[in-house]
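Model, not experiment: these values are computed from the prediction.
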Amino acid sequence: MILLSVQIQCILYHLLAGWIYGLCFSFLQTLTQYHQKNMLTVLSEILFHAAFSAGMFFGLLFVNGAVSNIDLVLFFMLGVFFYYRFYYRLFYHFFTFVRHFFHKRFHKIAVAKSRMLGIIKKNTKKGKKRRGAHGSKKKENAYNTG
């Protein structure tokens, strides 16, 4: 039998954990919104869920000895519902601003990298003569004497 004060703490903890879960997951979804589902995005989602679950039960360990039952899981889902129903639109604009900020920086780095690679490729091909389709050196055109 759990004391009433501990039960109230567990309920509030699950509500808050659900709200924070919704906040963090919507931020992660906003960051990877326009990317195709590659291995990195899937891995980041799996790691997020694993880390959040471990952190939640570690915090619950201090509240009631990490005991969770179905009604506490329902309060967790209620916390997620509260976030998406009432707070998602407030934070979405901030999340898109952060995504745009990082996107601009990464785009500038990618452009600089591609230009540097272009310069490097241009300098490495400078001393080599072009070869024909079958690997032989190109023959000079007989009509081109200049």
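Evaluation of the side-chain hydrogen bond (donor to acceptor under 3.5 Å, both in side chains) rule for Thr30 yields no partner, not counting sequence neighbours. Evaluation of the ring-ring contact (aromatic ring centres under 6.0 Å, His included) rule for Phe57 yields no partner, not counting sequence neighbours. Partners of Arg89 under the side chain to side chain contact (heavy atoms under 4.5 Å, CB included) rule, at least two apart in sequence or in another chain, are Arg85. Under the rule for a ring-ring contact (aromatic ring centres under 6.0 Å, His included), Phe75 has no partner lying at least two apart in sequence or in another chain. In terms of the ring-ring contact (aromatic ring centres under 6.0 Å, His included) criterion, Phe81 has no residue partners (sequence neighbours excluded). In this view, Phe97 satisfies the ring-ring contact (aromatic ring centres under 6.0 Å, His included) rule with no residue, not counting sequence neighbours.
The list of salt bridge (charged side-chain N to carboxylate O under 4.0 Å, His left out) pairs with a residue in residues 60-72, not counting sequence neighbours, is empty. Screening residues 43-55 for salt bridge (charged side-chain N to carboxylate O under 4.0 Å, His left out), with sequence neighbours left out, gives Lys37-Glu45. Legend: side chain to side chain donor-acceptor pair (under 3.5 Å) pairs involving residues 52-64, not counting sequence neighbours: none detected.
A 4.5 Å side-chain heavy-atom check between Leu72 and Phe76 finds every atom pair outside the cut-off.
Cluster partners of Ile70, using a side-chain heavy-atom cutoff of under 4.5 Å among ILVMFWY residues and allowing indirect links: none. Counting side-chain heavy-atom gaps under 4.5 Å among Ile, Leu, Val, Met, Phe, Trp and Tyr, the cluster of Ile46 also holds Val42.
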For residues 4-16, tabulate all N or O donor-acceptor pairs below 3.5 Å that involve a side-chain atom, not counting sequence neighbours.
from  : atom 1 : to    : atom 2 : distance (Å)
Tyr13 : OH     : Met56 : O      : 2.7
Tyr13 : OH     : Leu60 : N      : 3.4
His14 : ND1    : Cys10 : O      : 3.0

